[in-house]
There are 2 protein chains.
Amino acid sequence: MGAPIERLCEEKGLKMTGQRRIIARVLAESDDHPNVDQVFSRASEVDPRISLATVYRTVRLFEESGIVTRRDFGDGKARYEESSDDHHDHLIDVESGEVFCFHDAAMEKLREKLAKSLGYELVDHRLELYARPLKTKK
Amino acid sequence: MGAPIERLCEEKGLKMTGQRRIIARVLAESDDHPNVDQVFSRASEVDPRISLATVYRTVRLFEESGIVTRRDFGDGKARYEESSDDHHDHLIDVESGEVFCFHDAAMEKLREKLAKSLGYELVDHRLELYARPLKTKK
DNA sequence: TTAGCTGCAAACCCTTTGCTGCGTA
DNA sequence: TACGCAGCAAAGGGTTTGCAGCTAA
């Protein structure tokens with residue numbers, strides 16, 4: 001890990017700057033879908049001279065390059081996660097705000113079927129479950 | 001129709017102003033999930049003196065009162081639709097931008113099951129299918 | 001009459017962008 | 001060296017809000 005980003009910058013003729021390296025690492029090490037402010041503060045811990053504008057630019061660059069995926073869980077702030085092959089969905093714990101990923105094949109199939117039955121070909125989707133921890137006992 | 005909003009304003013001790021009546025009617029008559037600008041321009045056709053701020057305030061008031069539901073299809077603008085009992089989902093035609101509502105019981109059941117299997121109780125969800133019309137023939 | 005509402009414009013928040021100096025290749 | 005990149009601050013787009021006058025009840 002760490003390598004893919006540098007390889008990609010090469011491929012695209014991009015310069016591998018210190019800032020990009022740091023932001024890439026922050027994103028790779030975060031599994032909590034951080035928003036830009038969070039990426040910014042984590043990157044700032046490594047190098048306090050990084051600016052918010054650079055984080056915005058870099059994160060967008062990475063998104064356009066397919067390295068990261070932008071998410072939007074309805075709080076008005078974009079969140080980012082490393083791109084992965086499995087098209088997973090998210091469960092948001094409404095009490096803690098934590099986000100969990102999951103993948104369900106049956107659901108995926110159902111989505112395809114549904115779109116087709118409506119005369120459409122699925123190109124993307126968004127599924128978020130907002131849920132509260134089950135109280136197994138009082 | 002039309003009545004429910006007035007009844008609700010009474011219940012909440014709200015004044016039934018001309019603006020609210022117009023905005024309520026616009027929302028009731030729209031089935032295309034308009035954003036605030038669209039509500040504003042439709043309301044302006046009825047009474048050009050209505051301000052954008054009033055539309056924002058009213059639409060929010062209606063949302064808090066449960067009369068309308070706010071949606072967010074990822075374009076950065078809130079969209080509104082009359083609240084309904086069926087928890088339907090949306091299919092967005094990525095070519096035309098049109099939005100269709102649908103409801104699928106199997107999917108609903110699957111969501112509940114999934115949340116439970118993760119140790120959660122579902123309180124809300126969001127499902128959007130972004131799709132392209134099937135070309136049945138050239 | 002009066003509490004609540006509207007219009008206007010300014011303020012907010014997140015995000016993008018123009019410009020100038022800096023650093024990678 | 002040269003072009004791309006970073007930092008700063010200002011601008012942008014959607015949404016909210018402070019204030020003073022207006023209006024439904």
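Chain identifiers are assigned alphabetically (A, B, ...) following the order of the sequence lines, protein sequences preceding nucleic acid strands; residue numbering begins at 1 within each chain.
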Electrostatic pair E6(A)-R21(A), nearest N-O below 4.0 angstrom: yes

Given dT17(C), dA25(D), dC5(C), which nucleotide is nearest the side-chain atoms of A53(A)? dT17(C)

I need the CD-C1' distance between E10(A) and dG4(D), as an integer number of Å. 16 Å

dT6(C) C1' sits how many Å from M16(B) CE, rounded? 14 Å

Sorted by first residue and then second, give each side chain to side chain donor-acceptor pair (under 3.5 Å) pair with at least one member in residues 41-51 of chain B; sequence neighbours left out. S30(B)-R42(B), D32(B)-R42(B), D47(B)-R49(B), S51(B)-T54(B)

Is it the case that the base of dC3(D) and the side chain of K15(A) share a donor-acceptor contact (distance under 3.5 Å, atom types as modelled)? yes

Can you check the R21(A) CZ to dA25(C) C1' distance for me, whole Å? 12 Å

Donor-acceptor pair, distance only, cut-off 3.5 Å: does the side chain of R20(B) make one with the backbone of L14(B)? no

Residue Q19(A), side-chain atoms from C-beta onward, closest of dT15(D), dG7(D), dT6(C): dG7(D)

Under the side chain to side chain donor-acceptor pair (under 3.5 Å) test against H33(B), which residue among E81(B), R79(B), R71(B), E82(B) passes? E81(B)

Less than 4.5 Å apart, any side-chain heavy atom of S83(A) and any of I67(A)? no

Can you figure out which of dG14(D), dT15(D), dG7(D) approaches the side chain of K77(B) most closely? dG14(D)

Round to the nearest Å and state the distance from L52(A) atom CG to dA11(D) atom P. 18 Å

Is there a side-chain contact between I92(A) and E98(A), using heavy atoms and a 4.5 Å cut-off? no

Rounded to whole Å, how long is the line connecting atom CD1 of I22(A) with atom P of dG23(C)? 14 Å

So if I take residues 54-63 of chain A and measure heavy-atom distances to DNA chain D, which residues fall below 4.0 Å? T54(A), R57(A)

Report yes if a side-chain nitrogen or oxygen of T17(B) is closer than 4.0 Å to either non-bridging phosphate oxygen (OP1 or OP2) of dT23(D); otherwise report no. no

